[in-house]
Amino acid sequence: MATAAFDEIVEDFEFMEDWEDRYRHVIDLGKAMEPLDDALKVPATKVDGCASQVWLHATVEGGVFRFDGDSDAMIVRGLIAVLRKLYNGLPLQQVVSVDAKAELGRLELNEHLSSQRSNGLRAMIERIRETAMAQA
């Protein structure tokens, strides 16, 4: 149950044979993302379990989930952009039912991320799920 925006990333990845091209694409997605306002980079939005600094700030308007985020590491910033494509715009109740592992598996990310980055990605997904459950 991926969003159309996430499906576009999957399609882009299918055209890229080399993982280095995919890696650069993830970084480019992060570069294109608006930076998170410094006022939102507070302990409440900081994600524990990530090797780099990560902040996620979620909002719900009209029952629709959205989040913004930022990181001091370019690849992690790109991973945040990928997660935004996966979750943003979903009805709040659908956020917790997304099988993030399966969806991200379509990108073959886990095969190419370090264990620290994979742990950080899981921590970000868990924060998104917890936030959505608390808002529901």
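Owing to the predicted nature of the structure, the values given are computational and were not obtained by experimental measurement.
Follow the hydrophobic side-chain contacts under 4.5 Å out from Leu40 and you never reach Met124; the two are in separate clusters. Linking ILVMFWY side-chain heavy atoms closer than 4.5 Å, directly or via other members, places Val64 and Val95 in two distinct hydrophobic clusters. Linking Ile, Leu, Val, Met, Phe, Trp and Tyr whenever their side-chain heavy atoms come within less than 4.5 Å leaves Met133 and Leu90 in two separate clusters. No continuous path of hydrophobic side-chain contacts links Trp55 to Val76 [ILVMFWY only; heavy atoms under 4.5 Å]. No continuous path of ILVMFWY side-chain contacts below 4.5 Å connects Val96 to Tyr87, so the two sit in separate hydrophobic clusters.
Annotation: side chain of Asp21 is not in contact with side chain of Phe15 (no heavy-atom distance under 4.5 Å). At a threshold of 4.5 Å between non-hydrogen side-chain atoms, the residues Arg106 and Phe6 count as touching. Looking at heavy atoms from C-beta onward, Leu86 lies out of side-chain contact with Thr3 at the 4.5 angstrom threshold. Within the 4.5 Å cutoff, no side-chain heavy atoms of Gln116 are placed close to those of Ser52. Looking at Thr131 and Phe67, their side chains never come closer than 4.5 Å, going by heavy atoms from C-beta outward.
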Side chain to side chain contact (heavy atoms under 4.5 Å, CB included) assessment of Leu104 paired with Ile125:
CA-CA 11 Å; Leu104 294 172; Ile125 292 165; 3.6 Å; yes
Quick one: do His25 and Asp12 satisfy side chain to side chain contact (heavy atoms under 4.5 Å, CB included)? Show the steps, please.
CA-CA 9 Å; His25 186 61; Asp12 290 344; 3.5 Å; yes
Quick one: do Leu79 and Val26 satisfy side chain to side chain contact (heavy atoms under 4.5 Å, CB included)? Show the steps, please.
CA-CA 7 Å; Leu79 294 172; Val26 169; 4.3 Å; yes
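Atom CD of Glu130 is surrounded by more than 12 heavy atoms from other residues, nucleotides or ligands within 6.0 Å.
Closest approach of Ala51 to Arg117, counting heavy atoms only: CB-NH1, 4.2 Å. Considering all non-hydrogen atoms of both residues, Thr45 and Lys41 come closest at OG1-CA, 3.9 Å. Across all their heavy atoms, Val98 and Arg129 have their closest contact at O-NH1, 4.0 Å. Closest approach of Leu36 and Asp70 over heavy atoms only: N-OD2, 3.2 Å.
The closest donor-acceptor contact from the side chain of Arg122 to the backbone of Gly49 lies at 3.5 Å or more, if one exists at all. Put simply, the side chain of Arg77 gets close to the backbone of Met33: a donor and an acceptor are under 3.5 Å apart. The main-chain N or O of Gln53 is found under 3.5 Å from a side-chain atom of Ser71 such that the two form a donor-acceptor pair. For the pair Arg22 (side chain) and Met16 (backbone), a donor-acceptor distance under 3.5 Å is present.
In this pair, Trp19 and His112 present their aromatic rings parallel. The plane angle is below 30°, not in the 30 to 60° band.
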